[in-house]
Novice: 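Please read through the structure below; I'll follow up with questions.
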Amino acid sequence: MTTYRARVLAPVSSSEVRWLNDAVVVVDGGRFVEVAAFDGRDVDEDLRPAVVVPGFVDSHVHFPQTRIVGAATGPLLEWLAKSTFPEEQRFADPAFAAQIATVFCDRLVQAGTTLAMVYGSVHPAACEALYAEVERRGLRVIAGPVLMDRDCPDALKFPAEQAIPALRDLVERWHGRDGRIEVAVVPRFALSTSMALMTAGGELAREHGLWVTTHLSENPIECQVACDMYGTADYLEVYEQAGLLHERSVYAHCIHLSDAEWDRFAAAGAVVAHCPDSNFFLGSGNMPTGKVRERGIPLALGTDIAAGRSFRVPRIASSAYDNGLWTGLTLDPRELLWWATAGGAAALGHPELGKLEVGGEADFVTVDVPEWAETEDEALGWVLFDHDARCTGTWVRGQRL
Ligand code: GUN
Ligand code: ZN
């Protein structure tokens, strides 16, 4: 059992937080056993003035793009061709992948991210290197190799006859490992994944109850190409035809959808991975947050490294606030914290994480907040909007990583 004295900021719902300027946090057996006002007892460690918040949830991050943060070669299709595809080809070398997996996990831990939905390269061995490093470090991921077989460099084309058995093998060996690793089906996007490969991936996901994730409606030219390529009336229809739109699917970006697409998206119970910093950096546009909230669509925040420029989910929450303003919406910081933690975790199938509740698994981080920030609003402001705030510690199941 470990007893901490700290300041605590915990989401309760999308509109309510619990703020304790002086608290005890007791962790035992990897779970919170007490989170309460400080009562003068002896503690093992005094973490103040840092603020304890739940571990952050990143719903969209690319492992093989760890080394290309800041490549200013957008918009999307140019950035993929000039910066992304050349880098991802390097992950054919498992030793290189293992080396970058270490850096990637370092960056997650430093950012205070405890659960991430991760895109690999096409290479199953590279993804395996990631799983191994994640297991060694004690993080949580939902991750898979991207599925690609068309309109990309030949070295990155991996046809269904090879990709699906390789993915099945990863599922058998890694899915559910220690309750912290889930294998996902990740068709990269309609432009570089054929209908046959998307459909086969969707079937494998259904067979094993896996998450599916892909990119949707990020860039206007991408949207046009997708509709022309598949002869559909809109972009979402491509994924509907492939059997990829359902309540275990997470779609990144979702910027240029029509109201009809939003209605079908909501009816299917799919999840939005909102990646505002990436959307700004590639000039992709503004995700209409209001349309998501009106329809009660689950939303989680995504860094989208490396089109996004920071591994820090609070930095993305700050961009989500700015994006909201640009779409006529002033978001409550409580809702941003919710998306960054418990709401994001629930959207990714983990309603038990992200709340600092007694009985819950002890995933938490400390954020460097100045001691003069003493009220709930001040604490929220510093945690979410101070771009210089460091995460000074990251714990998963009570273990400091
Ligand atoms: N669309 C297809 N692939 C990618 C990617 O790697 N990043 C982003 N932002 N969009 C994509
Ligand atoms: Zn992405």
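These figures come from a predicted structure and were not determined experimentally. Whatever order the structure lists them in is the order used to number ligands and atoms, beginning at 1.
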Novice: Is it true that Tyr119 and His215 have ring centroids separated by less than 6.0 Å?
Specialist: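 Yes: the rings meet the under 6.0 Å criterion.
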Novice: Of all the non-hydrogen atoms in the protein, which one sits nearest to atom 9 (N) of ligand 1, and at what distance?
Specialist: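 Going atom by atom, the protein heavy atom closest to atom 9 (N) of ligand 1 ends up being Asp304 OD2, 2.7 Å.
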Novice: Which residue and atom name correspond to the protein heavy atom nearest atom 10 (N) of ligand 1, and how close is it?
Specialist: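 So the nearest neighbour among protein heavy atoms is Glu218 OE1, 2.7 Å.
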Novice: Below a 4.0 angstrom heavy-atom separation, can you tell me which part of Leu191, side chain or backbone, both or neither, approaches ligand 1?
Specialist: neither
Novice: Compute the minimum heavy-atom distance from Glu222 to ligand 1 and say whether it is under 4.0 Å.
Specialist: no
Novice: Taking only Lys NZ, Arg NE, NH1 and NH2, and the carboxylate oxygens of Asp or Glu, determine whether Arg206 and Glu203 approach each other closer than 4.0 Å.
Specialist: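 No, Arg206 and Glu203 are not salt-bridged.
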Novice: Which residue is it: Trp174, Phe63, Phe104? I am looking for the one with a ring-ring contact (aromatic ring centres under 6.0 Å, His included) to Tyr131.
Specialist: Trp174
Novice: Among all residues two or more places apart in sequence or in another chain, which pass the side chain to side chain donor-acceptor pair (under 3.5 Å) test with Arg180?
Specialist: Asp178
Novice: Quick one: look at Phe85 and ligand 1, take heavy-atom pairs under 4.0 Å, and tell me if it's side chain, backbone, both or neither.
Specialist: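 Phe85 to ligand 1: no contact under 4.0 Å from either part.
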Novice: Can you count the protein N, O or S atoms that lie less than 2.8 Å from the Zn ion (ligand 2)?
Specialist: 4
Novice: Do the charged groups of Arg264 and Glu237 touch, with an N to O distance under 4.0 Å?
Specialist: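 Judged by the 4.0 Å cut-off on N to carboxylate O distance, Arg264 and Glu237 do not form a salt bridge.
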Novice: Atoms of ligand 1 less than 4.0 Å from Ala307 heavy atoms?
Specialist: 9 (N)
Novice: Taking C-beta and beyond as the side chain, do Glu374 and Val369 meet within less than 4.5 Å on heavy atoms?
Specialist: no
Novice: Would you say Gln65 has any N or O atom under 3.5 Å from an N or O of ligand 1, going by distance alone?
Specialist: yes
Novice: Below 4.0 Å from ligand 1: does a non-hydrogen atom of Tyr119 turn up there or not?
Specialist: no
Novice: Can you report which non-hydrogen protein atom sits closest to atom 7 (N) of ligand 1, along with the distance?
Specialist: Trp79 CZ3, 3.3 Å
Novice: Thinking salt bridges, do Asp42 and Arg5 make one under a 4.0 Å N-O criterion?
Specialist: no
Novice: Assess Arg150 against Tyr230: is NZ or CZ under 6.0 Å from the centre of the six-membered ring, and within 45 degrees of the ring's axis?
Specialist: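 Verdict for Tyr230: a cation-pi partner in Arg150.
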Novice: I need the atoms of ligand 1 closer than 4.0 Å to a non-hydrogen atom of His253, numbered in the order shown.
Specialist: 9 (N)
Novice: Provide the full list of side-chain hydrogen bond (donor to acceptor under 3.5 Å, both in side chains) pairs with a residue in residues 68-77, sequence neighbours left out, each pair given once.
Specialist: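 Only Thr73-Ser83 qualify under side-chain hydrogen bond (donor to acceptor under 3.5 Å, both in side chains).
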Novice: Glu182 versus His175: any side-chain heavy-atom pair under 4.5 Å?
Specialist: yes
Novice: Going by ring pair (Phe, Tyr, Trp, His ring centres under 6.0 Å), name the residues that satisfy it together with Phe32, two or more places apart in sequence or in a different chain.
Specialist: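 If we apply the ring pair (Phe, Tyr, Trp, His ring centres under 6.0 Å) test to Phe32, skipping adjacent residues, the hits are Phe364.
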Novice: When you measure from atom 6 (O) of ligand 1 to every protein heavy atom, which one gives the shortest distance, and what is it?
Specialist: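 Of every protein heavy atom, Arg188 NH2, 2.7 Å lies nearest to atom 6 (O) of ligand 1.
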